[in-house]
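Below: the structure, in structure tokens.
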Amino acid sequence: MPPRDYYAILGVARNASADEIKKAYRKLARELHPDLNPSPEAQERFKEVTAAYEVLSDPQKREVVDLGGDPLAPGGGMGGGMGGPFGGFADIMDAFFGNAGGMGGGRGPRSRIRPGADALYRVDLDLAETAFGTTRELNLDTAVLCARCQGAGTAAGTHPETCGTCKGRGEVQSVQRSFLGQIVTARTCPECGGVGSRIRNPCPDCAGEGRVRAQRTITVKVPAGVEDGMRLRLSGEGEIGPGGGPPGDLYVEIRERTHPVFSRDGDDLHCHFSLPMTAAALGTSVKLETLDGEESVDVKAGTQSGTVVTLRGRGVPHLSRGVGRGDLHVHLDVETPTRLDGAQESLLRQLAQLRGEEHPEITATATDQGGGLFSRLRDAFNK
């Protein structure tokens with residue numbers, strides 16, 4: 001079986017330096033680690049690159065590879081070692097945390113550059129704006145990149161200095177003696193905060209933060225069909241991180257103002273229309289101002305209170321589907337007059353006489369025509 005090409009597995013040249021090999025391995029490990037990429041192909045690839053890094057980071061094993069051998073093959077001169085491709089656990093930790101202290105040290109100094117936080121902005125919109133979409137300019141007060149130092153945090157011509165307390169490790173160790181022996185503990189360096197370096201001459205604008213507070217204006221396009229409480233995500237429009245780190249996201253939360261006529265249920269709209277008793281009895285046509293303009297609503301003769309007239313496609317556009325709209329439901333409330341003058345009362349009495357309703361017989365009907373549960377059970381047993 002031919003020896004494996006460990007240089008090709010890591011994607012580096014045969015004359016690559018130790019730093020180049022480590023950098024290549026860190027990049028691949030982040031992409032292929034099982035916690036981040038659970039696919040079987042990625043897991044197998046992760047095993048290969050881990051084994052390749054273990055070989056090429058060891059001068060003796062790398063020499064075997066350069067001579068045409070395979071130190072991981074049976075009899076390939078691997079020696080005692082760590083016992084296989086998964087022995088380099090410290091190197092895996094190094095790929096994710098940048099361990100500068102070797103197997104005996106901690107995770108090393110943390111980066112001064114960190115991702116920024118997400119930002120939230122609430123915007124109030126009318127029903128027509130949420131229904132048909134709109135464009136808004138938002139004035140934001142967020143952290144932006146320091147223009148003077150471009151995120152470095154240092155004054156012009158200066159650089160961060162290695163921390164004198166932790167010697168750049170980002171942590172300090174203390175040794176305690178007990179009956180079990182020596183106990184070594186590590187904690188974050190109190191002088192540099194775990195960064196491993198200190199800024200002796202900070203930028204006068206950002207005081208070493210690499211970012212400053214500032215007002216900025218962005219344009220947000222609100223799509224048609226958004227609802228109250230929805231959040232629009234604008235990637236990379238949030239806070240710039242410490243040290244000029246990558247910005248977070250901006251979330252624009254929609255707050256829909258109450259409409260004086262319409263209430264909203266998803267993409268459907270509802271409204272109530274009061275109708276005189278005579279108009280409900282005789283039928284009529286009424287004008288209603290909808291989101292699309294004035295519409296004519298036909299009321300049939302004999303319309304009862306509580307009747308719903310539906311105007312198809314006069315609701316809110318569907319956000320998820322992108323096409324089509326909800327409906328507008330017009331609830332008709334028939335008003336019975338409470339005050340009649342003499343002439344009106346006389347006419348109504350004549351109408352009642354003509355219809356034979358001077359002394360109407362009231363027929364009571366059950367709300368549930370099928371009867372309740374116990375009624376249905378009783379009827380079933382009596383059959």
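The structure places CZ of Phe132 at 5.0 Å from CG of Leu291, a figure rounded to the nearest 0.5 Å. Annotation: the span from Thr188 atom OG1 to Glu171 atom CD amounts to 7.5 Å, rounded to 0.5 Å. Interatomic distance, CG of Leu140 versus CD1 of Ile218, reported as 4.5 Å (0.5 Å rounding). The distance from atom CD1 of Ile199 to atom CZ of Arg112, rounded to the nearest 0.5 Å, is 4.0 Å. Rounded to the nearest 0.5 Å, atoms SG (Cys192) and CZ (Arg198) are 8.0 Å apart.
Judged purely by atom type and a 3.5 angstrom limit, Arg169 has no side-chain atom pairing as donor or acceptor with the backbone of Cys189. Checked by atom type and distance alone, the side chain of Arg211 pairs as donor or acceptor with a backbone atom of Ile240 at under 3.5 Å. Side chain of Thr50 to main chain of Phe46: a donor-acceptor pair is present (N/O by atom type, distance under 3.5 Å, no hydrogens or angles).
With respect to the salt-bridge test (charged N to carboxylate O, under 4.0 angstrom), the residues Glu20 and Lys23 do not qualify. Looking at Glu345 and Arg339, no side-chain N of the basic residue comes within less than 4.0 Å of a carboxylate O on the acidic one, giving no salt bridge. A salt bridge is defined here as a Lys NZ or Arg NE, NH1 or NH2 lying under 4.0 Å from an Asp or Glu carboxylate O, and Arg45 with Glu31 fails to meet this definition. Using a 4.0 Å cut-off between a side-chain N of Lys or Arg and a carboxylate O of Asp or Glu, Glu48 and Arg4 do not qualify as a salt bridge.
Using a 3.5 Å distance cut-off with no hydrogens or angles, the side chains of Tyr53 and Arg26 do not pair a donor with an acceptor. Tyr121 and Asn139 share no donor-acceptor pair across their side chains, judged by distance under 3.5 Å alone. No donor-acceptor contact under 3.5 angstrom links the side chains of Arg200 and Thr158, judged on distance only. Ser274 and Asp333 form no side-chain donor-acceptor contact under 3.5 Å, judged by distance and modelled atom types alone.
The shortest heavy-atom contact between Val316 and Ala131 is CG1-CA, 3.9 Å. Counting all heavy atoms, side chain and backbone alike, Arg62 lies closest to Tyr7 at NE-OH, 2.8 Å. Taking every heavy atom of both residues into account, Lys221 and Leu232 meet most closely at O-CD1, 4.3 Å.
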Give the table of side-chain donor-acceptor pairs shorter than 3.5 Å for residues 244-256, with sequence neighbours excluded, one pair per line with atom names and distance.
unit_1 : atom_1 : unit_2 : atom_2 : d
Asp249 : OD1    : Gly236 : N      : 2.9
Asp249 : OD2    : Arg233 : NE     : 2.9
Asp249 : OD2    : Arg233 : NH2    : 2.7
Glu253 : OE1    : Arg231 : NE     : 2.9
Glu253 : OE1    : Arg231 : NH2    : 3.0
Glu253 : OE2    : Arg122 : NE     : 3.0
Arg255 : NE     : Asp124 : OD1    : 3.0
Glu256 : OE1    : Thr130 : OG1    : 2.6
Glu256 : OE1    : Arg264 : NH1    : 2.8

